[in-house]
Amino acid sequence: MEPSLTDPFNRKIEYVRVSVTDRCDLRCTYCLPPGYHDFVEPEQWLTFDEIERVIRAFTELGVYRVRLTGGEPLTRHHLPELAARLNALPNLQDLSLSTNGVQLRKQAGALSQAGVKRINVSLDSLQPERFANITGGGKLAKVLDGLAAASEAGLHPVKINMVVMNGVNDDEIEDMVRYCLEQDFTLRLIETMPMGDTGRAASSHYLDLEVVRRRLEKRFDLVAAVMPGGGPARYVQVAGTALRIGFITPISRHFCETCNRVRLSADGALYLCLGQDEKVELRALLREGISDEGLKGTIRAAVARKPEKHEFREQPRKIVRFMSRTGG
Ligand code: SAM
């Protein structure tokens, strides 16, 4: 029998998102407060040996997709080494990365060689000044150059993640569609989530992506599409082109019934739902010498506690942690 991890709602868990640090070299308005420094100390980060051990256990239980995320994963030194180690796990089939792109020019080649196949890059604006305002001083040119480096390194598909904010960047969605068409990127539009005070503040710019989809339908001929990947986006394609546009709608139309993932934080907490607090602390167990069978038993018991759904709409004040703790 194939190993598998199934939760009480009959969802198969096949995907782990690994946050390798909660630190970031940008300060996006909806994610981390300006001047925020209350980060996990590096001694508390899981080491590469510990991450590999946890992911090995997961892959022996049926997980075959892993995404490296953060914080900003490219700020963790020697990330390609970790990528190579995870990619060598026999059951792992899909290793991907989420990044803000700032350091991609330097690292895209090494990441590709290490076995990262595809990447998601956050990009909320194509206007330098607006980009700097949203990201707390980020340089758009650097990210665009990083994206070029990703293509040159053969990372494919490159998915652009755009958090859509009413009155902030929603006037740029068509520009972003054209940019992705030109660059052969996939575009994913994301609704703001009320995570931490920052996410809650940004939710005042919340825009239902169904409205955006109807707007886009007036400008482009959109047909239903599918896209490989383990995530929750629902895709359309611009007819006659290769461009796919994904809609990630945690607020207007949640997708919890198809959730297939759990998240490991940089300090080794296994979060069972992005929008709930249930977690299991693995770091102490690893450092106390838990056996491989014990680790797998702990993972099974954790998955048995996976919440049915988030409550971003019903309880928007519930989640105080910032997105940088668990990655998206
Ligand atoms: N630094 C990497 C990046 O920029 O993709 C990975 C971590 S970042 C936390 C992952 C994703 O979460 C990004 O696409 C970011 O835009 C998104 N994000 C952060 N806070 C959010 C919020 N409150 N609502 C919606 N998306 C959010």
Side-chain angles (χ1 to χ4, degrees), residues 17-33 36 39-40 66-76 79 96-104 107 111 116 118-125 131 134-136 138-140 142-143 146-147 150 155 158-166 168-170 176 185-209 229 231-233 246-252 254-255 261 263-266 271 274-275 310 312-313 316-328:
R17 294 198 178 161
V18 181
S19 170
V20 292
T21 173
D22 57 346
R23 294 170 197 233
C24 189
D25 44 4
L26 295 180
R27 282 290 176 283
C28 297
T29 46
Y30 48 75
C31 189
L32 279 176
Y36 180 82
F39 293 110
V40 170
V66 167
R67 171 174 297 279
L68 298 171
T69 180
E72 173 47 42
L74 300 193
T75 65
R76 175 109 187 224
L79 188 73
S96 59
L97 170 81
S98 286
T99 172
N100 60 29
V102 171
Q103 300 196 33
L104 257 184
Q107 301 202 37
L111 288 163
V116 173
R118 55 195 188 89
I119 57 168
N120 292 1
V121 180
S122 295
L123 183 62
D124 297 332
S125 174
F131 181 82
I134 295 174
T135 59
K139 302 257 184 301
L140 176 66
K142 224 168 169 187
V143 175
L147 280 161
L155 293 166
V158 173
K159 296 179 184 168
I160 299 294
N161 281 345
M162 177 185 192
V163 176
V164 175
M165 291 167 282
N166 199 12
V168 175
N169 64 352
D170 63 312
M176 203 64 93
F185 295 155
T186 297
L187 176 60
R188 289 136 49 92
L189 305 173
I190 305 176
E191 290 177 346
T192 53
M193 286 171 253
M195 295 198 58
D197 291 340
T198 42
R200 268 185 284 285
S203 294
S204 62
H205 296 286
Y206 164 74
L207 186 55
D208 180 336
L209 288 182
F247 296 83
I248 302 181
T249 57
I251 310 299
S252 64
H254 77 70
F255 32 77
R261 54 204 165 272
R263 293 171 169 84
L264 184 65
S265 70
Y271 281 90
L274 182 65
H310 67 69
F312 287 139
R313 278 174 86 127
R317 309 211 64 76
K318 183 166 182 181
I319 302 301
V320 295
R321 67 176 188 273
F322 300 113
M323 188 76 97
S324 70
R325 187 160 168 73
T326 46

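We count ligands from 1, going down the list as the structure has it; atoms in each ligand are counted the same way.
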(request) Could you tell me whether the side chain of L123 reaches within less than 4.5 Å of the side chain of M176, counting heavy atoms only? (result)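 Yes. Closest side-chain heavy atoms under 4.5 Å.
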(request) Report yes if some heavy atom in the side chain of V168 is under 4.5 Å from a heavy atom in the side chain of D124; otherwise report no. (result)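 SC-SC contact between V168 and D124 ruled out.
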Hey, which atoms in ligand 1 end up nearer than 4.0 Å to a heavy atom of [X]?
| X | value |
| --- | --- |
| V163 | 16 (O), 26 (N) |
| T69 | 6 (C), 7 (C) |
| N161 | 14 (O) |
| E191 | 25 (C) |
| G199 | 23 (N) |
| T192 | 24 (N), 25 (C) |

(message) Is it the case that ligand 1 has an N or O less than 3.5 angstrom from some N or O of E72?
(response)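 For ligand 1, there is an N or O atom that lies under 3.5 Å from one belonging to E72.
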Closest protein heavy atom to [atom], given as residue, atom name and distance to 0.1 Å:
| atom | value |
| --- | --- |
| atom 16 (O) of ligand 1 | Y30 OH, 3.0 Å |
| atom 27 (C) of ligand 1 | M323 CE, 3.5 Å |
| atom 23 (N) of ligand 1 | M193 O, 2.9 Å |
| atom 13 (C) of ligand 1 | S122 OG, 3.2 Å |
| atom 10 (C) of ligand 1 | G328 N, 3.6 Å |

(request) Indicate whether any N or O donor in one side chain lies under 3.5 Å from an N or O acceptor in the other, for R263 and S19. (result)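 Side-chain D/A pair, R263 to S19: absent.
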(request) State, without any angle test, whether R321 and Y271 hold a side-chain donor-acceptor pair at a distance under 3.5 Å. (result)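 Side chains of R321 and Y271: no pair found under 3.5 Å.
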Euclidean distance, [Y] [atom2] relative to [X] [atom1], rounded to 0.5 Å:
| X | Y | atom1 | atom2 | answer |
| --- | --- | --- | --- | --- |
| T186 | I160 | OG1 | CD1 | 9.0 Å |
| N161 | N120 | CG | CG | 5.0 Å |
| S265 | R17 | OG | CZ | 15.0 Å |

(request) Going by the side-chain contact (heavy atoms from CB on, under 4.5 Å) test, name the single residue among I134, V102, L32 that passes it with L26. (result)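 Single pass found, and it is V102.
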(message) Within the supplied structure, the quantity of interest is the number of heavy atoms (other residues, nucleotides, ligands) at a distance under 6.0 Å from K139 NZ; does it exceed 12?
(response)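 No, NZ of K139 has 12 or fewer neighbouring heavy atoms, counting only those of other groups under 6.0 Å.
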(request) Measure from atom 1 (N) of ligand 1 to every heavy atom in G71, S19, G70, S98 and give the option owning the shortest one. (result)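 Heavy atom nearest to atom 1 (N) of ligand 1 belongs to G71.
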(request) Mind checking whether D124 contacts ligand 1 via backbone (N, CA, C, O), side chain (CB onward), both or neither, at a 4.0 Å heavy-atom cut-off? (result)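 The answer is neither.
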